[in-house]
Structure formats: C-alpha cells, structure tokens
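Since the structure is predicted, the reported quantities are computational estimates derived from the model, not experimental observations. Counting starts at 1 for both ligands and their atoms, following the listed order.
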Amino acid sequence: MKNAPALAAALVALALPLPCSAGSASLTIDAGAPGPVINRNIYGQFSEHLGHCIYGGIWVGRDSKVPNVDGYDKAVIDALRELRVPILRWPGGCFADEYHWRDGIGPIEKRPSVYNSHWGGVVENNHFGTHEFLNLCEMLGIEPYVCVNVGSGTVQEAMEWVEYMTSDSDSPMANLRRANGRDKPWKVHFVAVGNESWGCGGSMRPEFYADNYRRYNTFIKDYDPANKISRIACGPASDDYDWTDTLMRLAGKQMDGLALHYYTIPSGDWAKKGSATHFGRPQYLSALANTLHMEELISRHSAIMDKYDPQKKVGLIVDEWGIWTDVETGTNPGFLYQQNSMRDAIIAALNLHIFQSHADRVRGANIAQMVNVLQSMILTDGARIVLTPTYHVFDMFKVHQGAVSIPVSLKTPNLADTQYEIPEVSASASRGADGRIHLSLVNTNPDAAASVACTLDGAPLGPVSGTILTASSMTAHNTFDDPHAVEPRPFSGARSSGAGLEVLLPPLSVVMLNL
Ligand code: AHR
C-alpha cells in the first residue's frame, strides 16, 4: 500500500496500536447499481421484563431520586434518542407469553403484582405497562412492536389489547383506555403473535402453531385504516428449517413477517457459554465464527421463504440476536446481566453487515436487549450509565438506516492460524437521502492491521470523513469508573488515490466512512 507510512504516522497520532503486519483486501463499491432500501427497522431493539431492562433500566418511577422524565431514566432516554432507535419490541421474550396486559393499566398503585416465572422468579409489580411503553415510543419517535400472549393467553385477550391500543371508536376497549387517561389511540404498526412458541411460548409443534397463528391473525383487527398492522409470526429457532417450511406452507399468506431467533454463544455450549470480558483469542474466534453462522441461517431460511413467497411479501425479522455470555459474577443468573466488550462491537457490526446484505428479505432485527440485559446498548447503576461498545456501533451505523444499499464486492483473506473461516475484512455500503455514500468496514484481526484498496464505480469520490471504534484489547470495555475507555474517534486512515481509496484499518476495528 503506497501510503502505508503516512497512515502509520496517522495511527501513531491517534495513539492507536500499530499493525504487526497488514493483510490486504480489495473492495469494489458499485454505486451505479443501487440495491434495495435497508429497512431502518434492522436497527431495532428489544426490551423485556427481565432483570433490569425495564425496572432500574428504562423505568425508575416518578418518585425516584434518579433524574427522570415522568418515570423514565433521563440519561437512558437521552442516550436512546441520540441512537434514533427505529423500533422497540416489548414485553418479551418468554415474558410475553405469561403477560396479561390488563394487569398493567390503570392507576399504578392499584395494579396487581405477579410472579415472573421465567426471569429470576421476581415479583413484577406491573408499574410499567401499555401506557408507559407506548408513551415512551411516542416520546422517542420509535415504532412500538408488541408481542401478544399466545402461550397462556386467549385470542379474546389479544384482540381486546389491539382494540385498546389502536381503536378510536366508541368501543369498550377504546373507552377503557380513555378512562385511563389516554384519549387518542397510539400508532402500533407491528404485532407479534407469540414468542418462541416452539419453546418457552408453549412448546408447540409447527402445525399447531400455524393454526393458532391463523386464528389470532383473524382476530387482530385493523381498527384504523391509517394504522395497518403488520403481523409477525413466530419463526424458527436458529436452524430449524422444518419450522420455516411448515409455517410458510400453512400460514405464509396470512403473515407480514416471520421472526428468526439466533444468539451467538461464544463457546457454542449453552451450559458454559463463556465470560463477557475474561477470554482469549480462542473464545474470540469461536464467538466470531458462531456469529457468522447468521449468514447461512438467513440464506437458507430465505431460500425456503422464496419457495412459498417468491415476491418477498413476507419479511424475515431477526427478532432476537446478539452475544449471550455467562452472567457477571455475583449477579442474579436469571437477570442475564453481562458486560460488553470490543468483541461485542465487532459482533454487532458483522451481524448488521449480514442483515444489510440481505436487505431484500430482512426487514427488521432486534438486538437483545436494549438496557442491562445480554448485548445491551446501555448499562445502568443508579443514576450512572455506561454506553457500551455495541451502543457506539449502532450510533456510527445509524446513517445506514433507511438508506439504499449499494453492492460491494470484497476480496479478503481469512484470518490465519485458526480452524474457522473468518474473513479479515467485512464491508457494507449504502447511499443516504443526502446522496452521500456510507461505507462501514470491520477488521476482525485482533493482531494486525488490514489494508483495503477500494474502487468506487458509478459515483465521483468526494471528500472523505470517518469515525473509528477500536481498542488495544478484544476484552476492552467501558465501566462506571471508566466509561470512555472504548469510544468512537475521528478516523484519518483513509486516503483518496485516483478513482479509489486506500484505507488502513487498525487491528480490531470498526470504521464508518462517509464519502
Ligand atoms: O432474550 C432473552 C430470551 O431469549 C427471550 O426471553 C427469549 O425469547 C429467548 O429465548
């Protein structure tokens, strides 16, 4: 690479680790052949009544000493506003199939307490319910995505909930909502019919669930012509291709989306997943390899969907994804509280690239979960918050939301000295409404920089600006005492060269370039 010495000097100026040796990749960006729009809902989030996602995370209550806006943690909602969260899934997860929405409406002090059997056996006081969720979404401009209870609920309960949220008529449920202080209905465009109905949502067989899906779908009404609801069916657990085939065959014509759940388990073993911050190169590599399995899952589930739905009317929604590690020592195992490292940032970026490369079929994705649970954006401790490396990736990548995807052709070596096939470089490009091209790049190599020779076809190469997220160690993370250890910084490692661009990606880095 011609400018390597200058780039090395720039890395020194940024106090970034110097490469041991730079691997080379080449990338062609075909700006003249735009692809499908990247559905902004690919950048969706998930919030469940689990651990401290809701209570002590999003919601602290109006009487809390933690600075709050009508009960919502102010620092948390400010950070979420900045992130431009497009869609938020609630109330679960497994919790959704034991949630009875009537418990969570009316005066807070009169709401009944229930037992949260899935998550830590704690008492759920229902202080955060339909109004609190939908008002949060409204306040932050987020699309609410509500999961109705199929496992332990009834069709009538689901039907009435939708009426309560979306009807503006003189109907019993709309009037109940008015009596509870909300005159106008909310906009709710996404409803999921159960969660993991093959497991915690009822241990159903696909045929039985497909019939149930059709039944619920019949009674989930569009009360407002301007509020057309997209119905999302419970999809497969990772590689259960039979589930997808059966659902598409029996109910594909009645659904708008099919939800896939897949988590990155670093070790591949649910019984001993591995630590969030104490790991070495082997666990880093296995976590990346398990993450990249998402590509195969999406390709194969999409191929099955193509068979029944060649026009791609049904979206594949990656409803739950992210890295799932062992919980932090001393925390309730049922609360799924884990730290979030530079490894997680790489994993988030790789997944988002995969989703974007399937933008024709993948219309939504919700990382699990938004606050204090699994691969979260934000960790809280009283009034203190930490923005995780994953938050920063979502923040850097938000320019891709709703942009037009641009095909990229990438030639990259795989990482050496490992049994896994892990490309050293990953890339994705889009063109935003402002006409600018956004190119995100990842160097998965923890030890060496990667040089990328980029050619831009079909558009002039204007000035380039960039942001980088990197760290000197794959385990680097932000803590309450050191909240800025892993943060984006300006990136100056890209140089124009003729019709192209030469980029030197430091080891273990995520870069966003705006061209
Ligand atoms: O996100 C945690 C749990 O993982 C969800 O409740 C469930 O749907 C999945 O198994």
Among all the protein's non-hydrogen atoms, which is closest to [atom], and how far away is it?
atom                    : result
atom 1 (O) of ligand 1  : Tyr263 OH, 2.8 Å
atom 10 (O) of ligand 1 : Glu196 OE1, 2.8 Å
atom 7 (C) of ligand 1  : Glu320 OE1, 3.4 Å
atom 6 (O) of ligand 1  : Glu48 OE1, 2.7 Å

Inset, instruction - Could you walk me through whether Asp239 and Arg300 pass salt bridge (charged side-chain N to carboxylate O under 4.0 Å, His left out), step by step? - result: CA-CA 9 Å; Asp239 57 359; Arg300 291 186 62 183; over 6 Å; no

Inset, instruction - Without swapping roles, check the side chain of Arg102 against the backbone of Glu157 for a donor-acceptor pair under 3.5 Å. - result: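 Such a contact is absent between Arg102 side chain and Glu157 backbone.
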
Using a strict 4.0 Å cut-off to heavy atoms of [X], name the atoms of ligand 1 that fall inside it.
X      : result
Gln369 : 1 (O), 2 (C)
Asn195 : 8 (O)
Phe46  : 1 (O)

Inset, instruction - Let me know which of Leu297, Asn366, Leu352 forms a side chain to side chain contact (heavy atoms under 4.5 Å, CB included) with Trp321. - result: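 Exactly one candidate clears the test, Leu352.
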
Legend entry - Nitrogen or oxygen of Cys200 less than 3.5 angstrom from that of ligand 1: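 Checking ligand 1 against Cys200, no N or O pair falls under 3.5 Å apart.
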
Using a 4.0 Å heavy-atom cut-off, say whether [X] meets ligand 1 through its side chain, its backbone, both or neither.
X      : result
Trp324 : side chain
Phe95  : neither
Leu374 : side chain

Inset, instruction - State whether Glu143 and Arg363 are salt-bridged, where the test is any N-O pair (Lys NZ or Arg NE/NH1/NH2 against Asp/Glu carboxylate O) under 4.0 Å. - result: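 No.
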
Inset, instruction - Would you confirm whether the ring centroid of Phe397 sits within less than 6.0 angstrom of the ring centroid of His353? - result: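 Between Phe397 and His353, which both carry aromatic rings, the centre distance is below 6.0 Å.
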
Inset, instruction - State yes or no: are the ring centers of Trp59 and Tyr72 separated by less than 6.0 Å? - result: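 When the ring centroids of Trp59 and Tyr72 are compared, they turn out to be within the sub-6.0 Å range.
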
Legend entry - Derivation and outcome, salt bridge (charged side-chain N to carboxylate O under 4.0 Å, His left out), residues Arg215 and Asp211: CA-CA 6 Å; Arg215 202 159 63 100; Asp211 280 345; over 6 Å; no

Under 3.5 Å, which donor-acceptor pairs link side chains of residues 372-382 to any protein atom two or more places apart or in another chain?
| from | atom 1 | to | atom 2 | distance (Å) |
| --- | --- | --- | --- | --- |
| Asn372 | OD1 | Thr380 | N | 2.8 |
| Asn372 | ND2 | His52 | O | 2.8 |
| Asn372 | ND2 | Thr380 | OG1 | 2.8 |
| Gln375 | OE1 | Ile323 | N | 2.8 |
| Gln375 | NE2 | Asp344 | O | 3.0 |
| Gln375 | NE2 | Thr390 | OG1 | 3.1 |
| Thr380 | OG1 | Gly56 | O | 2.7 |
| Asp381 | OD2 | Arg384 | NH2 | 3.0 |

